[in-house]
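The figures that follow rest on heavy atoms only: side chains count, while hydrogens, waters and symmetry mates do not. Letters A, B, ... are given to chains in the order of the sequence lines, protein chains preceding strands, and every chain is numbered from 1.
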Amino acid sequence: MDITLVPEGPYRFRMDRCDPMRVPGVVFATRDLLPRSAGDKTLEQVANVATLPGIVRASFAMPDMHWGYGFPIGGVAATDIDAGGVVSPGGVGFDISCGVRLLAADIDREPLAPRMRRLMDLLGDTVPRGVGRGGLWKLSGRAQMEKLLVAGAGYAVEQGHGVPRDLERCEDHGALEGADPSQVGQRAVDRGLQQVGSLGSGNHFLEVQAVDRVYDAGAAGAFGLHTGQVCVMIHCGSRGLGHQVCSDHVRVMDQSLRAFGIRIPDRQLACAPVVSAPGRAYLGAMAAAANYGRANRQLLTQAARRAFATAAQAGLDLVYDVSHNTAKIETHDVDGVARPLCVHRKGATLALPSGHPDLPADLAAFGHPVLVPGTMGTASYVMVGAAGNDAFSSAAHGAGRVWSRHQALHRVRGEQLRDELESRGISVRPSSWRGLAEEAPDAYKDVDVVVRAAEGAGLARPVARLVPLGVVKG
DNA sequence: ATGTCC
């Protein structure tokens, strides 16, 4: 396939359709943000996704795009459900419903400063993290797990882990519809029973941050943010349960490709029609795993609240919770007709414009909050969905890797990175030196540049910039 | 991302 990029604007490239692509590719980036490592397959993946049955409009890539499993991370693709459109687990990713939650503290960075050390020690001691580690809430068995898989953060709140207002500030009110726990295998359930309320590893974290700059006072006010304010950002997903769901359903779909007559250029794009037994089974299991991820962030919220109450006599209000690894059934206008679509967002965030009916009433005038975590040494952003976003109202989800984990380990020492961050006033509570090195700020694109590109491309607008004060690393 | 290979 020809993967020549044609500039369509300062922040947008077109990849013209050629067989076997069914639609063109659209890449939102500057030249500098495009993948440049030798042998990088990100753009080839954008073209591969464009071959999926039922795909409409284009195969999109966000400015933080990088190489992923099947789909690029930062990839967005929608398929027409009534036209044989498929759902692909690779279009969601292994960490189903991985996402970000932002909490606003009722304290500013100056009064918190003398209490930061104690706060970070407390967070470091009470936030479960690391590979294979257990969480804050041990479930009693499959029956209880099924309740959580159906109601997500709502079940956590119902069980006393949070307040009802939290749910008003969660995408889908904390629970993706259509969860079918019967499609979540026993191995996935077993892996998940002990992990609710745990960060995991990799790029996951809980950060104490401060609002460094406000770009849109109206939206910032509606989100409850002001300059100097302390925030907590939580980035985590669905742990072993989501991973197992993805593995199990990829296997099934890989085996059913022939039966559905689907030809794909890469087996990692294994998929099945949304309207088919394996398609429905995956979507039901995926929604269940998504709800696990949302409950997970709800439990970690409570851990942060306890630490803030004890160490800082401060409270935390939920600003918003977004998932950036999902496939959702949404209605979008395609060629002038409202169509039910399966929208895959893999490392991409829903970014509804102002006035959309799915927004909470008090945010309707502004738009959907878009949370863009950067790195532990740089910044993170709160953005808001912009009107006229033709990528099915999607936006960037982070900075995006430029070094592989292997490259990062080769170039960075965890202990040295910790010293460097601490000397800049950023408290670090790592889970492992190796994990810390893999997530070095230099391993990522410049989040300020990514955000400028997302803005320039018309995907979302910046509301506030947050800087790290302390990081509890997964 | 992930009991970093059942």
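- In this structure, the CZ atom of A/R251 is 16 Å from the P atom of B/dC5, given to the nearest Å.
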Distance-only donor-acceptor pairs under 3.5 Å for side chains of residues 271-280 of chain A, two or more places apart:
from, atom 1, to, atom 2, distance (Å)
A/S276, OG, A/P273, O, 2.6
A/S276, OG, A/G279, N, 3.0

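- For the residue pair A/R434 and A/S201, no side-chain donor N or O sits within less than 3.5 Å of a side-chain acceptor on the partner.
- Nucleic acid contact class of A/G237 (heavy atoms, under 4.0 Å, all strands): none.
- Distance, A/Q244 CD to B/dC5 P: 14 Å, rounded to whole Å.
- Distance A/F94 CZ to B/dT4 P: 13 Å, rounded to the nearest Å.
- For the pair A/E439 and A/V131, nearest-nucleotide mapping onto DNA chain B gives the more 5' position to A/E439.
- Distance A/H249 NE2 to B/dT2 P: 18 Å, rounded to the nearest Å.
- Applying the ring pair (Phe, Tyr, Trp, His ring centres under 6.0 Å) rule to pairs touching residues 398-419 of chain A yields nothing, sequence neighbours excluded.
- Distance, A/Y69 OH to B/dT4 C1': 16 Å, rounded to whole Å.
- When heavy atoms are screened at a 4.0 angstrom cut-off, A/Q194 is found touching no nucleic acid atom at all.
- Backbone-only contact: A/G202 has heavy atoms under 4.0 Å from sugar-phosphate atoms and none from a base.
- If you measure from atom NE2 of A/H406 to atom C1' of B/dT4, you get 14 Å, rounded to the nearest angstrom.
- Regarding A/H204, its NE2 atom lies at a distance of 16 Å from the P atom of B/dT4, rounded to whole Å.
- In this structure, CZ of A/R129 is placed 14 Å from P of B/dT2, rounded to the nearest angstrom.
- The aromatic rings of A/W137 and A/H161 are tilted relative to each other, their planes meeting at an angle between 30° and 60°.
- OP1 or OP2 of B/dT2 lies within a sub-4.0 Å distance of a side-chain N or O belonging to A/S201.
- Taking all atoms of both residues into account, the shortest heavy-atom contact from A/R57 to A/P24 is O-CD, 3.6 Å.
- Remark: A/R239 is in phosphate contact with B/dT2, judged by side-chain N or O atoms under 4.0 Å from OP1 or OP2.
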